[in-house]
**Q** 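Got a structure for you, written out below as structure tokens; questions coming shortly.
None of these values were measured; they are calculated from a predicted model. So that the names make sense, note that chain A is the first sequence line, chain B the second, and so on, each numbered from 1.
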Amino acid sequence: MTALLRRHPALVPGVLFAAFLLLAPVFAQRGMLNDLWNMAFFVVLASAWNLLGGFAGQVSLGYSAFVGIGAYTTVLLANAGWSPWLTLPVGAALAVAFSVAVGLPTFRLRGPYFTIATIGVGEAVRVIASGLEFTGGSSGLRMPQGTFDFNANYYAMVGLALLTLALVAWLQKHAFGLALEAIRQDIDAAEALGVHSTQAKLTAHAISAALVAIGGGLFATNFQYISPGSVFDFRLSLTIVLMPIVGGMATITGPVLGALLFSYLQIKLLASPTLRDSYLFIYGGLLIVVMLFEPKGIVGLWERLIGLRPRRRAQPPVGEARRAS
Amino acid sequence: MPAENGKILAVSSVSKRFGGLLALDSVSFEVQRGEIFSVIGPNGAGKTTLFSCLVGTYPPTSGSVRFRGEELKGLRNDQVVARGLVRTHQIVKPFRDMTVADNIRVGVLYGRLRLRGAKARERVDEMLSRTQLGHRAQVKAGVLSIGELKRLEIARALATGPDVLCLDEVMGGLNPAEIQQAMVLVRALRDSGLTILMIEHHVHAVAGLSDRLVVLNFGKKIAEGRPGEALRDPAVVAAYLGDETKEEARA
Ligand SMILES: Nc1ncnc2c1ncn2[C@@H]1O[C@H](COP(=O)(O)OP(=O)(O)O)[C@@H](O)[C@H]1O
Ligand SMILES: [Mg+2]
């Protein structure tokens, strides 16, 4: 038990925090619940993105497209008479199809092609959604009357966040997680040992796209109104990327810490007009600080503080030890 | 020695062009089941490129590679591994932030055997002990010495469960004692039923281990045969001596 806790220092706080989130509707005010909802939403986005961007090292700057696909699917189908809950799997399926369509041509190429493609794809989706008739153009769409139920939506979002974390942790422990890790560290070596890298990347992309799209569907139901500016926003894509980077990529805890930090930042930013306009400056500054001082993010900082990851390697390699003696 | 009809790999007229450079120029040879077959030649001769074309790291520009009668050209690297042909890397490619055991596990889980659970763990342990890396199982591969990294390359490739193992200069950078160990390992691997394709620079190791070999120079095969004969071939001697005689060697 103690060994388990030492290896997973985030386990106890994590379970306590999950319990807090689940019990919050019993005692918390609506304002606080809104903030917690947003935090859970960010946990979904950051942890899902981390599966592909963190573990497999394939950085996408276009994840708002999946939020938007989920959100628009929910609003459009709800207006056609569907129960909002039943629209979620449809949005997820469309997002999976879209993730494959983007990934298939780009994942086969090496290097930053995927990242570059995702910037274009994210923007293209926003422009298309703004121009089309059935998406309501740039003025957006409203959910039908009677679809709003905050408590149900809150539990769904917290449940989705916990599901995302559990799924990513489970994948990390199993063969698939090792393949993603291998792809990130050396894709040539991974392929030379039998890993079908394109398939693994497509799968990771699809899983995270589905989770993010479900989050987008819940977003639409909770806000009752969406527009290209709210769900296909590049700022949202940027936030999705920054949360895991600042928190600690390729870890379970990192994206959660990033989500906590950024949902707090967002509340502060939205509250102050001067700060709201300088978000890029603040985000960019954070990114630079992390890159310069601790590329492994808050998690890396923590590991260094408690001495889990010494700055220098504790054991010299055998060859060097022999030469030195 | 293996029977004449035990051909396992047939390389026919394989060429590889990198822009203006013809790195492989219509190379052909056959490897028999159970052989230790060496590919030698000066630096830049195209040896590593040959391995890359065999396993599908990239496709040859032209020519054919048949493995147990099946055409490999057009298959991805992972598909070739699944058929039982695997290579190591001259410039080692460890997963530096993974433990040594996890490095090997990638080959066990995704290679030809695709083992899971207890069987996978057993095979990882077996590979660790065969390559004498057991005491390093839980350290990050990034801290290994060059000798250990070369053994890790072998351990991972072997973990996939191949019939043919292509070793690209696994003795490069080793001290004489380590080379001796590596030779013992290669011989043991062959004795366990594997066919070994080996790129090597140490003449002593090549002469001591190889059943047969081919010599490449500027992408062309310039000699083939048993090490005793091929290494004394005038064209081979000239190729290794270098510039003055290079023109005759290429002719
Ligand atoms: N990916 C590549 N792109 C361009 N040229 C390459 C590439 N790989 C190898 N070469 C060139 O092909 C030739 C053969 O290289 P290589 O196969 O590595 O030789 P060897 O392994 O025999 O030392 C060299 O001239 C090398 O510079
Ligand atoms: Mg080479």
Side-chain angles (χ1 to χ4, degrees), chain A residues 3 7 54-57 107-110 171-203 248-251 295-296 299-300 303 308-325, chain B residues 51-52 55-58 76-83 86-89 91-98 102-117 120 133 135-136 139-149 153 156-157 159-162 166 173-175 177-178:
Chain A
R7 229 166 341 125
F55 288 106
F107 280 144
R108 295 153 68 140
L109 303 169
R110 291 297 172 78
L171 290 172
Q172 187 198 17
K173 284 273 163 291
H174 288 79
F176 185 60
L178 193 69
L180 297 183
E181 190 78 32
I183 287 169
R184 184 184 80 235
Q185 293 192 26
D186 193 320
I187 188 166
D188 289 319
E191 291 177 355
L193 295 173
V195 175
H196 185 348
S197 66
T198 307
Q199 187 186 63
K201 288 190 248 176
L202 284 173
T203 307
M249 292 216 280
T251 63
K296 294 190 172 175
V299 169
E303 285 179 351
L308 205 90
R309 189 165 60 87
R311 254 175 183 285
R312 247 177 273 174
R313 50 196 187 200
Q315 254 179 315
V318 167
E320 285 182 20
R322 192 187 297 140
R323 245 170 281 136
S325 60
Chain B
F51 273 16
S52 300
V55 302
T57 309
Y58 38 68
R76 292 185 314 269
N77 200 161
D78 58 283
Q79 294 173 309
V80 174
V81 173
R83 283 158 176 75
V86 69
R87 63 93 63 94
T88 67
H89 299 91
I91 297 164
V92 292
K93 289 176 168 291
F95 306 120
R96 292 189 180 275
D97 282 340
M98 269 188 214
D102 275 348
N103 265 266
I104 297 173
R105 215 150 63 83
V106 175
V108 170
L109 296 178
Y110 284 93
R112 187 193 196 183
L113 301 174
R114 297 195 163 241
L115 302 176
R116 292 291 184 272
L133 286 169
H135 62 298
R136 305 293 266 166
V139 307
K140 295 272 159 80
V143 310
L144 296 185
S145 70
I146 184 63
E148 291 170 327
L149 286 168
E153 280 284 330
R156 292 193 311 188
T160 64
C166 301
L174 303 192
N175 64 39
E178 288 171 323

**Q** Identify the residue among D97(B), N103(B), V106(B) that makes a side-chain contact (heavy atoms from CB on, under 4.5 Å) with Q185(A).
**A** D97(B)
**Q** Under a 4.5 Å cut-off applied to non-hydrogen side-chain atoms, are Y110(B) and L193(A) in contact?
**A** no
**Q** If you round to the nearest 0.5 Å, how far is CZ of R76(B) from CZ of R108(A)?
**A** 9.0 Å
**Q** Checking R114(B) against chain A: side chain, backbone, both or neither under 4.5 Å from a heavy atom?
**A** side chain
**Q** In terms of heavy-atom pairs under 4.5 Å with chain A, which of V55(B), D102(B), V86(B), V108(B) leads?
**A** D102(B)
**Q** If you count heavy-atom pairs under 4.5 Å between each of R156(B), R116(B), R112(B) and chain A, which one has the most?
**A** R156(B)
**Q** I'd like to know if the side chain of E181(A) reaches the main chain of M98(B), judged simply by a donor and an acceptor atom lying under 3.5 Å from each other, with no hydrogens or angles considered.
**A** no
**Q** Tell me, do T57(B) and E191(A) make a side-chain contact under 4.5 Å, heavy atoms counted?
**A** no
**Q** Quick one: does V195(A)'s side chain get under 4.5 Å of D78(B)'s, heavy atoms only?
**A** no
**Q** If you look at every heavy atom in N77(B) and A192(A), which pair is closest and at what distance?
**A** OD1-CA, 3.5 Å
**Q** Ignoring hydrogens, what is the shortest heavy-atom contact between A182(A) and F95(B)? Give both atom names and the distance.
**A** O-CE2, 3.4 Å
**Q** Taking all atoms of both residues into account, what is the closest heavy-atom pair of A189(A) and H89(B), and its distance?
**A** CA-CE1, 4.2 Å
